[in-house]
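First comes the structure, then the notes that go with it.
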Amino acid sequence: MFSPSQADVRRFFCAVHAKQQAGEAMEAIEVLAGQWIAEHPEYHAALSDVDAALAQLGQPGDGAQENPFLHLSMHLSVSEQCSIDQPPGIRQAVELLAARRGDLHQAHHEVMECLGRMVWESQRSGRPPDGQAYIDQVRRRATQD
């Protein structure tokens, strides 16, 4: 199983951004990452300097800004979960939420909150992630006004 380091993740997103800017050919996963990068122009400066991105590894954040690399990684995770429908039912739940919101990007951000909560609860409790609770939380959001 592929388990990239934080540095690998930062290099990946910076390289995708550079390829986009240069109009270079990309692999399928890079195209998908590039689509999410395009949705977040506020991250372009951070993605333009791989050396600065790597130098910030291990530095405490000030809490005022999101980590663009984590944020984009979560977008990719949700996209991948939907593409393979794992956990089972996530694709339908995300599609329902996106239809309800009228915006896939907004829906992703809500799903990412649910995903983050599931991971946090798993780490806190020492139990495996609860995929069903995650899907249920996404579905609740899709059915609320």
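Note that the structure is predicted; figures quoted are calculated from it, not measured.
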Less than 4.5 Å apart, side chain to side chain, heavy atoms only: is that true for [X] and [Y]?
{"X": "Glu110", "Y": "Leu97", "answer": "yes"}
{"X": "Pro129", "Y": "Val119", "answer": "no"}
{"X": "Val16", "Y": "Val31", "answer": "no"}
{"X": "Arg11", "Y": "Val50", "answer": "yes"}
{"X": "Gln132", "Y": "Pro87", "answer": "no"}
{"X": "Arg127", "Y": "Glu121", "answer": "no"}

Linking I/L/V/M/F/W/Y whenever any side-chain heavy atoms sit under 4.5 Å apart, do [X] and [Y] land together?
{"X": "Leu70", "Y": "Tyr134", "answer": "yes"}
{"X": "Val138", "Y": "Leu96", "answer": "no"}
{"X": "Trp120", "Y": "Ile135", "answer": "no"}

query = Do the side-chain N and O atoms of His40 and His71 include a donor-acceptor pair separated by under 3.5 angstrom?
reply =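 Checked: His40/His71 side chains pair up, N/O donor to acceptor below 3.5 Å.
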key: Phe13/Leu76 under side-chain contact (heavy atoms from CB on, under 4.5 Å): CA gap, chis, key distance, verdict   = CA-CA 11 Å; Phe13 284 112; Leu76 280 182; 3.6 Å; yes
Ignoring hydrogens and angles, tell me if any N or O in the side chain of [X] forms a donor-acceptor pair with the backbone of [Y] under 3.5 Å.
{"X": "Asp49", "Y": "Ala52", "value": "yes"}
{"X": "Asp85", "Y": "Ile90", "value": "yes"}
{"X": "Gln20", "Y": "Gly34", "value": "yes"}
{"X": "Arg91", "Y": "Ser83", "value": "yes"}
{"X": "Ser73", "Y": "Phe69", "value": "yes"}
{"X": "Glu30", "Y": "Glu27", "value": "yes"}
{"X": "Arg10", "Y": "Ala53", "value": "yes"}

Hey, could you give me the [atom1]/[atom2] distance between [X] and [Y], rounded to the nearest 0.5 Å?
{"X": "Ser77", "Y": "Leu115", "atom1": "OG", "atom2": "CG", "value": "6.5 Å"}
{"X": "Gln86", "Y": "Gln81", "atom1": "CD", "atom2": "CD", "value": "8.5 Å"}
{"X": "Cys14", "Y": "Leu54", "atom1": "SG", "atom2": "CG", "value": "7.0 Å"}
{"X": "Leu104", "Y": "Ser79", "atom1": "CG", "atom2": "OG", "value": "7.0 Å"}
{"X": "Asp103", "Y": "Glu39", "atom1": "CG", "atom2": "CD", "value": "7.5 Å"}

message = I'd like to know whether Glu66 forms a side-chain contact (heavy atoms from CB on, under 4.5 Å) with Tyr43, so could you lay out the CA-CA distance, the side-chain angles of the two residues, the decisive distance to 0.1 Å, and finally the verdict.
response = CA-CA 10 Å; Glu66 280 185 317; Tyr43 297 158; 2.6 Å; yes
task = Determine the minimum heavy-atom distance between Ser48 and His17, stating which atoms define it.
result =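 Shortest heavy-atom separation between Ser48 and His17 comes out as OG-NE2, 3.3 Å.
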task = Step by step, work out the side-chain contact (heavy atoms from CB on, under 4.5 Å) result for Arg100 and Gln144.
result = CA-CA 9 Å; Arg100 181 72 175 229; Gln144 292 174 341; over 6 Å; no
request  = Among Arg101, His109, His108, find the one that has a side chain to side chain donor-acceptor pair (under 3.5 Å) with His105.
outcome  =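 Result for side chain to side chain donor-acceptor pair (under 3.5 Å) with His105: His109.
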key: Working for side-chain contact (heavy atoms from CB on, under 4.5 Å), residues Arg139 and Thr143   = CA-CA 6 Å; Arg139 284 187 182 131; Thr143 58; 5.6 Å; no
